[in-house]
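Below: the structure, in structure tokens.
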Amino acid sequence: MRLDVPFDLDFTLCCGQVFRWRKIDGWRYSVIAGNPLKIRQCGAELEFKGVDDKFVTHYFGLNDDLAQIRCCVDRDAYIHKALRSFEGLRLVRQDPWECLISYICATFKSIPAIEQMLLKLSVKFGEKQVFEGQDLYAFPAPEKLAHANLKDLRDCSLGYRAKYVQGTARQVLEGQVDFECLKKLPYLGARTALVEFPGIGLKVADCVSLFSLEKMEAFPVDVWVRRIIMNHYANLLPEDLAKKIASQATLSNGQYERLNAWGREYFGRYAGYAQEYLFHFERTRR
DNA sequence: CGTGGGCCTGTCTA
DNA sequence: ATAGACAGGCCCA
């Protein structure tokens with residue numbers, strides 16, 4: 001497929017938003033919502049197998065007006081540098097179910113560890129699919145995780161997250177959410193629905209909203225974003241709030257809400273894009 | 001409303 | 001090599 005929009009596959013898949021892509025011989029492989037695929041990029045040529053143009057365009061958000069989005073969030077010199085560092089980085093539209101479980105697992109873990117957990121989960125509970133000579137694994141269906149026992153989940157290095165994964169899987173299996181319905185809800189409504197699941201607080205709900213429910217104004221505040229705000233934007237916060245946060249190890253829910261609201265107001269309706277550029281920039285510098 | 005402490009375990013750094 | 005810090009936090013008291 002010939003690209004006529006800015007896009008960078010490597011930046012997009014390596015910026016920390018997705019965890020289940022494997023690189024083999026220059027191709028990137030994954031199974032998205034049950035569809036195995038491989039893809040690679042050479043300049044403006046995007047080459048892939050297993051899925052069609054429509055799938056790729058939707059998953060990678062190629063119809064989103066990236067130039068306009070970047071322009072919208074380009075509010076100061078700092079984010080400007082982040083934007084210039086990663087031309088073509090896009091937010092993908094993840095499968096909501098996979099995204100939900102992935103970010104439950106992501107709490108208090110490093111990215112390599114998260115990738116390991118999700119790989120083990122998929123190998124143990126997901127369906128194996130041989131594709132283009134590679135053994136790939138679909139992300140486990142809700143019933144698989146709902147019926148898994150805690151020991152088997154813990155064997156995937158989930159630790160205390162095992163009971164959250166199991167509990168959330170059970171609620172999903174019982175039909176307590178309709179992800180398509182959540183996509184139609186406003187951002188705050190979707191987030192409110194998500195935090196009802198065990199293991200999902202504000203931060204995880206923001207990630208799921210942003211990465212799979214198309215809420216581009218969602219602004220997840222993790223330890224990195226918190227550091228970025230404190231190091232580069234503290235003077236834009238109320239002084240008492242900045243002082244308080246600087247003196248504490250962890251954010252209270254109220255403080256989280258205030259940083260989250262600040263991000264949405266400052267960066268606007270594509271605040272989530274700003275967050276991802278800043279996050280990746282901060283993590284890769286040095 | 002805010003706060004403190006506990007929690008599983010893989011990675012990375014000193 | 002081995003310890004210790006730190007991980008894209010959440011839950012409960």
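Chain A is the first sequence line, chain B the second, and so forth, proteins listed ahead of strands; every chain is numbered from 1.
Counting non-hydrogen atoms under 4.0 angstrom, A/Glu282 reaches nothing in the nucleic acid. Among the protein residues, A/Arg226 comes within range of no part of the nucleic acid, since none of its heavy atoms lies under 4.0 Å from any strand.
Counting only residues at least two apart or in different chains, ring-ring contact (aromatic ring centres under 6.0 Å, His included) contacts with residues 149-180 of chain A are absent. Counting only residues at least two apart or in different chains, ring-ring contact (aromatic ring centres under 6.0 Å, His included) contacts with residues 1-25 of chain A comprise A/Phe7-A/Phe60, A/Phe11-A/Phe86, A/Phe19-A/Tyr103.
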Could you pull out all donor-acceptor pairs under 3.5 Å where a side-chain atom in residues 231-240 of chain A meets a protein atom, sequence neighbours excluded?
residue  : atom : partner  : partner atom : Å
A/Asn231 : ND2  : A/Arg227 : O            : 3.3
A/Tyr233 : OH   : A/Asp76  : OD1          : 3.1
A/Tyr233 : OH   : A/Asp76  : OD2          : 3.1

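Between the side chain of A/Gln94 and the backbone N or O of A/Gln17, at least one donor-acceptor pair lies under 3.5 Å. No side-chain donor-acceptor contact under 3.5 Å links A/Ser157 to the backbone of A/Met117.
Within residues 149-170 of chain A, the residues having any heavy atom under 4.0 Å from DNA chain C are, by residue number, A/Tyr160, A/Tyr164. Looking at residues 191-216 of chain A, you'll see that no heavy atom sits under 4.0 Å from any atom of DNA chain B. DNA chain C lies under 4.0 Å from no heavy atom of any residue of residues 250-265 of chain A. Scanning residues 96-117 of chain A for heavy-atom distances under 4.0 Å to DNA chain B yields A/Phe108, A/Lys109, A/Gln116.
Residues passing the side-chain contact (heavy atoms from CB on, under 4.5 Å) test with A/Gln255 are A/Leu241, A/Lys244, A/Ile245, A/Gln248, A/Leu251, A/Ser252, sequence neighbours excluded. A/Thr192 is linked by a side-chain contact (heavy atoms from CB on, under 4.5 Å) to nothing, counting only residues two or more places apart in sequence or in another chain.
Close approach of DNA chain B to chain A, defined as any atom under 4.0 Å from a non-hydrogen atom of the protein, starts and stops at B/dG2 to B/dT11.
Residue A/Ile24 belongs to a hydrophobic cluster whose other members are A/Trp27, A/Tyr29, A/Val31, A/Phe131, A/Leu136, with links defined by side-chain heavy atoms closer than 4.5 Å.
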### Query
Taking it one step at a time, do A/Phe281 and A/Tyr78 satisfy ring-ring contact (aromatic ring centres under 6.0 Å, His included)?
CA-CA 10 Å; A/Phe281 184 61; A/Tyr78 185 69; 5.7 Å; yes

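The nearest pair of heavy atoms linking A/Leu194 to A/Ala205 is CD1-O, 3.6 Å.
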### Query
Reading DNA chain C 5' to 3', what string of ( ), [ ], | and . shows its pairs, if Watson-Crick and G-U wobble pairs count only when both distances fall under 3.5 Å?
.||||||.|||||

